[in-house]
Amino acid sequence: MAKELAKNYAPERFEDRIYAAWMEKGCFHAEIDRSKKPYTIVIPPPNITGQLHMGHALDETLQDILIRWKRMSGYCTLWLPGTDHAAIATEAKIVAAMREEGLTKEGIGREAFMERAWAWKKTYGGRIVEQLKKLGSSCDWQRERFTLDEGCSRAVKDVFVRYYEKGLIYRGERIINWCPQCLTSLSDAEVNYEEQAGHFWHLRYQIKDSDEYIELATTRPETLLGDTAVAVHPEDKRYQHLIGATVILPIVHREIPVVADEYVEMDFGTGVVKITPAHDPNDFEVGRRHKLEIINVMTEDARITDDHPKYAGMDRYEARKAIVADLEAEGALVRIEEHTHNVGTCYRCGTTVEPRVSTQWFVKMQPLAGPAIEAVKQGKTKFVPERFDKIYYHWLENIRDWCISRQIWWGHQIPAFYCDDCGEMVVTREDTAVCPKCGKPMRQDPDTLDTWFSSALWPFSTLGFPDQTEELDYFYPTNTLVTGYDIIFFWVIRMMFSALENTGQVPFDTVLIHGLVRDAQGRKMSKSLGNGIDPLEVIRQYGADALRFMLATGNAPGNDMRYIDAKVKAARNFANKLWNASRFILMNLPDDFRFEGLPEQLAMEDKWLISRFNRLTKEVDDNLNAFELGVACTKLYDFIWDVFCDWYIELTKPRIQAGGESKATAQAVLVWAMQGILKLLHPFMPFITEEIWQVLTADGSMIMLQPYPVYDAKLNFAQEEADLEKIIAAVRAVRNTRTELNVPPSVKAKLYIETAEEALFAGAAPFFEKLASASSVEVGAKFDMPDAVGAVTDAARIFIPMEQLVDKEKELARLAKEQEKVQKDIDFLSRKLNNAGFLAKAPEALVQAEKEKLAKAQEKMDKIQQTIRSFS
RNA sequence: GGAAGCUUAGCUCAGCUGGGAGAGCGUCUGCCCUACAAGCAGAGGGUCAUAGGUUCGAGCCCUAUAGCUUCCACCA
């Protein structure tokens, strides 16, 4: 025990060193061990473009707590890490970097672009991984994967081909969400709707060969160029006579029909809708029903096409202005209303999405959604908290086909090949294809897959799928998936149906959902607001353990939390408390100390502590099993600070000063308890517990590989617990009384303790001297001390003779107040115990406990009354 | 339009299957007692949003109402 801990808790001095030691010893690596039960978590792969933010920090912390706890509990634990290629986000970054050099994608070509992209991945892709390590994440880095690596790519290709062969994937012309900035299609999940202030332009179209006009309202007048009909509700009396008529489209002066369609709401606007099948999803559907022409008026970057020379090249918003002006000039503009409406925006760049008709690949969702719903209904996968299953069902029940093709290069290229000669298409796992009809080499589809297509396979593609590997057999299905509620749609749902379809099993048994980490004012942390807190900065300042503990404490599953500096500080202070408690233990140990288990002869306070610790192990384990990590943190905090430091350590001081056999016992119990505490706390605060463990044990062992403490019925000491609680209550009563009378701790006084349990209190004399400023203690069955101050508990009357301080009036008033309080207790308890319903229906144990409480209150009342009488 | 969550001490939040309201920070009082002032000892502070209901018993369960937040849908 030669080594000492540094004087102050300074996490920066050991966190990196300890992480390196874990890595060097291979503590995180999981080898298949059939003698153990597996426990597997796959990391939600962070984007290679990303920097660690508070959301990751929370996510990783929760996973690491679970993994470390299970590892210590004897499971063969695998936490499989990796990163996501983040198709659109990464491509955008690379394109932007190229623009700085005056280069474009098209300019350098696909191959050169991919080379750059991989180089970029090499440079920046590891950044986030290094940041995860700072948090203490015990991932099996030997198994680190990347969604675009060879294995994952093979799984993607395999699944694509399989889906295609089963008819679950098809290619077709549809209206999809298009981002004019990213220049690619987006899935429904990738569009965010934002409320925007806009206008409602009321226009009038002339009926052909008539003086009559029909009035309609639109939020997007520029799409008028592509109008191919005007629609009214079939039952709308106002417009019955116009159904089938022809109207003249202003500006363009094209003739278009008036159609009847139930999609039109009679009460909204004028009950007339202009139909632009090429630029609105609803209009597209109307157009299909009425076989309307689709006239695309915009380029892929949302400018007007050359078909309309007057507006050609103008972007959507310029064209809108110009067209409104022309409408006005033509007398077609009736009026303009203010109007707020929801506008779809790209989840990556925020640009307003442009609905666009194009040929894309889709996954047919109906057949896949059913089994995914069923699996959760049958409880094969459970959400924690449960309420998120409603969101899950709702989304799956209303799901539309998933657009999976993207017009970008960074990603898994679609394994479909076309013959430019005869138009033949082949979908294959091979890298090249020859036309089966004309024997010519085929051209691969230039598009790539939605980045979520590959993440959807993550729980099994990372374990070797499509091969039936040992890993897949042993570690799959995985156990817990930890993620934020914001990506249930993107990811959780897609993993569910992909796993069920491809592996026949659910991908995980539990989905632990957490909320967002918001700023101190409750706002979402965002780049644009600049209110993000950098976890690495917090780690530099307070240590990773403090950040982890803060994130895990008081954070209930599924609920958002705020990042508040004071909370991290509190966690850091807690670490400091633990640090100093360890220092206290170490500085009192002899150099040749060797811990050899708990001694035979234990003092009352030792048994009290052991018993309480034993119960704590059960509670923490129960909480962890129920995913109540925050509750477990609170219990650990309270036990370590209040029970262990404020009481037990203080209670050992008299023995440590006295020396001898009783000192040796105290030392052993201190070491035993500290080791237990460290183990129990390790999943939450891995660094500090490891550092202290190594100094304390000095045997080269690692705490992260120790068994997690478990409840042991032999360590249950109810009698000693109850006895010591009496002493504690008496110490508190004395302290309380002294404080109320403003007696400083330096003024010592003799205590006369009147009690029926003389032996118990006599034995506790040193505690009163140490903890209650007693100069000495006398214990007896009866004292008569009218000139003293009295502290009363249910087990004892304690007199403190302090002539100069005794003010009879004040003293009586104080006792009267105390009496009132106890009387309230008695009233409450008697009322309860006189209630026939309570006696009849409440559990027996509770009734018994209430009776005991009443008896204690009555004991205390007697003693107060006696004291009042003797003082009067 | 549909759904979910939240409303508890001045602030930020816990409160597990219903059994006399908790923590951290802040406030007030007294303490450098050789582990820790990043600390110790004490104190004050709450009709648990409102109104009903179920129950022997409700912060917790049920119903309605109000306010805040979020998600989904997307009526041009």
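Numbers restart at 1 for each chain; the letters A, B, ... are given by sequence-line order, proteins then strands. Please read these numbers as outputs of a predicted model, since none were measured by experiment.
Within 4.0 Å of A/I275, counting heavy atoms only, lies no atom of the nucleic acid at all. Within 4.0 Å of A/W641, counting heavy atoms only, lie sugar-phosphate atoms of the nucleic acid but no base atom. Within 4.0 Å of A/R387, counting heavy atoms only, lie sugar-phosphate atoms of the nucleic acid but no base atom. Across all strands, A/D280 comes closer than 4.0 Å to no nucleic acid atom at all (heavy-atom distances). Within the 4.0 angstrom heavy-atom criterion, base atoms lie near A/D825. Using a 4.0 Å heavy-atom criterion, one finds that A/K748 contacts no nucleic acid atom at all. Contacts of A/I649 with the nucleic acid, taken as non-hydrogen atoms under 4.0 Å apart, include base atoms. Within the nucleic acid shown, A/P843 comes within 4.0 Å of at least one base atom, counting heavy atoms only.
Atom C1' of B/U27 sits at a distance of 16 Å from the matching atom of B/G46, rounded to the whole Å. Separation of the P atoms belonging to B/G24 and B/C62 is 32 Å when rounded to the nearest angstrom. Comparing the P positions of B/A49 and B/A58 gives a spacing of 15 Å, expressed to the nearest Å. Comparing the C1' positions of B/G42 and B/A4 gives an interatomic distance of 44 Å, to the nearest angstrom. Nucleotides B/A73 and B/A14 place their C1' atoms 35 Å apart, quoted to the nearest Å. Taking atom C1' on both B/U47 and B/U69, the two are 26 Å apart, rounded to the nearest angstrom. Straight-line distance between the P atoms of B/C11 and B/U50: roughly 16 Å, to the nearest whole Å. To the nearest whole angstrom, the two C1' atoms, one in B/U8 and one in B/C48, are 4 Å apart.
Using a 4.0 Å cut-off between charged side-chain N and carboxylate O, A/E818 and A/K860 make a salt bridge. A salt bridge does not link A/E215 with A/R204: none of the charged nitrogens is closer than 4.0 Å to a carboxylate oxygen. Using a 4.0 Å cut-off between charged nitrogen and carboxylate oxygen, A/R316 and A/E354 count as a salt-bridge pair.
Using modelled atom types and a 3.5 Å distance limit, the side chains of A/Y542 and A/D565 yield a donor-acceptor pair. In this model, no donor atom of one side chain and acceptor atom of the other lie less than 3.5 Å apart for A/E740 and A/T737.
One finds the CG atom of A/D227 at 3.5 Å from the NZ atom of A/K274 (value rounded to the nearest 0.5 Å). Taking CH2 from A/W641 and CG from A/L578, the interatomic distance works out to 10.5 Å, rounded to the nearest 0.5 Å.
Not counting sequence neighbours, the partners of A/D560 by the salt bridge (charged side-chain N to carboxylate O under 4.0 Å, His left out) test are A/R518. Residues forming a salt bridge (charged side-chain N to carboxylate O under 4.0 Å, His left out) with A/D280 (at least two apart in sequence, or on another chain): none. Scored by the ring pair (Phe, Tyr, Trp, His ring centres under 6.0 Å) test, A/H339 finds A/F200, A/H341 as partners (sequence neighbours excluded). Under the salt bridge (charged side-chain N to carboxylate O under 4.0 Å, His left out) criterion, A/R735 pairs with no residue, sequence neighbours left out. Partners of A/T739 by side-chain hydrogen bond (donor to acceptor under 3.5 Å, both in side chains), not counting sequence neighbours: none found. For A/K567, there are no side-chain hydrogen bond (donor to acceptor under 3.5 Å, both in side chains) partners two or more places apart in sequence or in a different chain.
Annotation: of the two residues near RNA chain B, A/E650 and A/I564, the 5′-most nearest-nucleotide partner is A/I564. Map A/A626 and A/L829 each onto its nearest nucleotide of RNA chain B; the residue landing nearer the 5' end is A/A626.
Minimum atom distance to the side chain of A/F584 is reached by B/A35, of the listed B/A35, B/G15, B/G30. Closest approach to the A/F828 side chain among B/C16, B/G20, B/A76 is made by B/G20 (side chain taken as heavy atoms from C-beta onward). Checking B/C40, B/G19, B/A35 against the side-chain heavy atoms of A/D646 singles out B/C40 as nearest. The side chain of A/T219 sits closest to B/A76 out of B/A35, B/A76, B/C16. Which of B/G5, B/G19, B/A76 sits closest to the side chain of A/F838 comes down to B/G19. Nearest nucleotide to the side chain of A/Y9, out of B/C31, B/A38, B/C36: B/A38.
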Close N or O pairs between protein and nucleotides 23-29 of chain B (under 3.5 Å):
none

Write down the protein N/O and nucleotide N/O pairs, taken from nucleotides 70-73 of chain B, whose separation is under 3.5 Å; answer none if there are no such pairs.
residue, atom, partner, partner atom, Å
B/A73, N6, A/N342, ND2, 3.4

Could you pull out the protein-nucleic contacts involving nucleotides 43-49 of chain B (nitrogen or oxygen on both sides, under 3.5 Å)?
residue, atom, partner, partner atom, Å
B/A43, OP1, A/N736, ND2, 3.0

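Contacts of residues 849-856 of chain A with RNA chain B (heavy atom under 4.0 Å): A/K853.
Stem regions for RNA chain B, each three or more consecutive Watson-Crick or G-U pairs with both distances under 3.5 Å and listed by first number, read B:1-7 with B:66-72, B:10-13 with B:22-25, B:27-31 with B:39-43, B:49-53 with B:61-65.
The base of B/G39 has none of its N or O atoms less than 3.5 Å from a complementary donor or acceptor on the side chain of A/N576. At a cut-off of 3.5 angstrom, counting only N and O atoms as typed in the model, there is no donor on one side facing an acceptor on the other between the side-chain of A/R735 and the base of B/A41.
By the 6.0 Å and 45° rule, A/K653 stacks over the aromatic ring of A/F584.
At the phosphate of B/G42, neither OP1 nor OP2 sits under 4.0 Å from any side-chain N or O atom of A/R738. The phosphate of B/G20 (OP1 or OP2) has a side-chain N or O of A/K832 nearer than 4.0 angstrom. At B/C40, one or more side-chain N or O atoms of A/K577 fall inside 4.0 Å of OP1 or OP2 (strictly under the cut-off). Here A/K390 does not reach the OP1 or OP2 of B/G2: none of its side-chain N or O atoms lies under 4.0 Å away.
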Could you tabulate the donor-acceptor pairs under 3.5 Å formed by side-chain atoms of residues 621-631 of chain A, not counting sequence neighbours?
residue, atom, partner, partner atom, Å
A/D621, OD1, A/W69, NE1, 3.0
A/D621, OD2, A/N625, ND2, 3.3
A/D622, OD1, A/K618, NZ, 3.4
A/D622, OD2, A/K618, NZ, 2.8
A/N623, OD1, A/K635, NZ, 2.8
A/N623, ND2, A/E628, OE1, 2.8
A/N625, ND2, A/D621, O, 3.1

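Of all heavy-atom pairs between A/P250 and A/L224, the closest is O-CD2, 3.7 Å.
Aromatic ring pairs are classed by plane angle as parallel below 30°, tilted from 30° to 60° and perpendicular above 60°; the pair A/Y637 and A/F574 is tilted.
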Between A/D261 and A/H290, is a side chain to side chain donor-acceptor pair (under 3.5 Å) present by the stated rule, with each step listed?
CA-CA 9 Å; A/D261 197 287; A/H290 299 275; 2.8 Å; yes
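Atom CZ in A/F767 sits about 22 Å away from atom P in B/C33, given to the nearest Å.
Between A/F490 and A/Y347, the ring centre distance stays below 6.0 Å.
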